Amino acid sequence: MNAPKRAFVDAIPSGARVLDIGCWNFSFYKWCVSIGRTDFSHFGIDMELVDLAGAPSGYHFSRVDVQRERFPFSDAYFDAVVVSHVIEHLASPFQMLDEVFRVLKPGGLVYIECPSERSLLFPSMPFKFSECCSLSF
């Protein structure tokens, strides 16, 4: 079910600058392309160094520890910010959220996605436990 995410993407104006926080695997960019929205400038930040060899043409990536570092962008730079499945991994998300609103233009759009209480019912991963830990939060 992607209805809220689809509504968010549909509301982003053509030519917008979009920041994807936790952009591992460029999944938001790929999803936008899959629904025909190829008219954004995509920027991504992540704590981990992503495989830039697989980066889409024109994608802008910066390695940032979102709990401790300022984002390397000027104030009011982005039209939209995506934070998908990042906030639940942070001990203190306030530094990141302060930065989200610093780099977002007035009237800009924010999409935050995280697990709900329903994820408590998910079983633990039955394989690669040392890598994946658990789906339950």
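In this text the structure is predicted, and so the values were computed from the model without any measurement.
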[X]: which residues meet the salt bridge (charged side-chain N to carboxylate O under 4.0 Å, His left out) condition with it, sequence neighbours left out?
X: D79; value: K105
X: R63; value: none
X: D98; value: none

Would you say [Y] ends up clustered with [X] if hydrophobic residues are merged whenever their side chains have heavy atoms under 4.5 Å apart, either directly or through other cluster members?
X: V82; Y: F78; answer: no
X: W31; Y: I45; answer: no
X: V64; Y: M47; answer: no
X: L90; Y: W24; answer: no
X: V103; Y: L109; answer: no

Any donor-acceptor N/O pair, [X] side chain to [Y] backbone, under 3.5 Å:
X: D46; Y: C23; result: yes
X: Q67; Y: Q95; result: no
X: E88; Y: C114; result: no
X: R102; Y: R70; result: no
X: N25; Y: S27; result: no

- Query: How long is the span from the CG atom in D65 to the CD atom in E48, to the nearest 0.5 Å?
  - Reply: 10.0 Å
Should [X] and [Y] count as side-chain neighbours, where that means a heavy-atom distance under 4.5 Å?
X: V100; Y: F71; result: yes
X: I87; Y: M96; result: yes
X: C32; Y: H42; result: yes
X: I112; Y: L97; result: yes

- Message: Considering only residues two or more places apart or on different chains, which pairs with a residue in residues 91-113 satisfy ring-ring contact (aromatic ring centres under 6.0 Å, His included)?
- Response: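 Checked against ring-ring contact (aromatic ring centres under 6.0 Å, His included) - neighbours excluded - the pairs reaching residues 91-113 are F8-Y111.
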- Can you name the side chain to side chain donor-acceptor pair (under 3.5 Å) partners of Y59, sequence neighbours left out?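 None.
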Closest non-hydrogen atom pair, [X] against [Y]:
X: H85; Y: H89; answer: O-CD2, 3.3 Å
X: V83; Y: V86; answer: CG1-CB, 3.9 Å
X: S62; Y: F73; answer: OG-CZ, 4.4 Å
X: R37; Y: S14; answer: NH2-N, 3.9 Å

- Of I21, L19, V33, V9, the residue whose pairing with F28 passes side chain to side chain contact (heavy atoms under 4.5 Å, CB included): V9
- Task: Identify, with sequence neighbours excluded, every residue that meets side chain to side chain contact (heavy atoms under 4.5 Å, CB included) alongside S41.
- Result: R17, F43
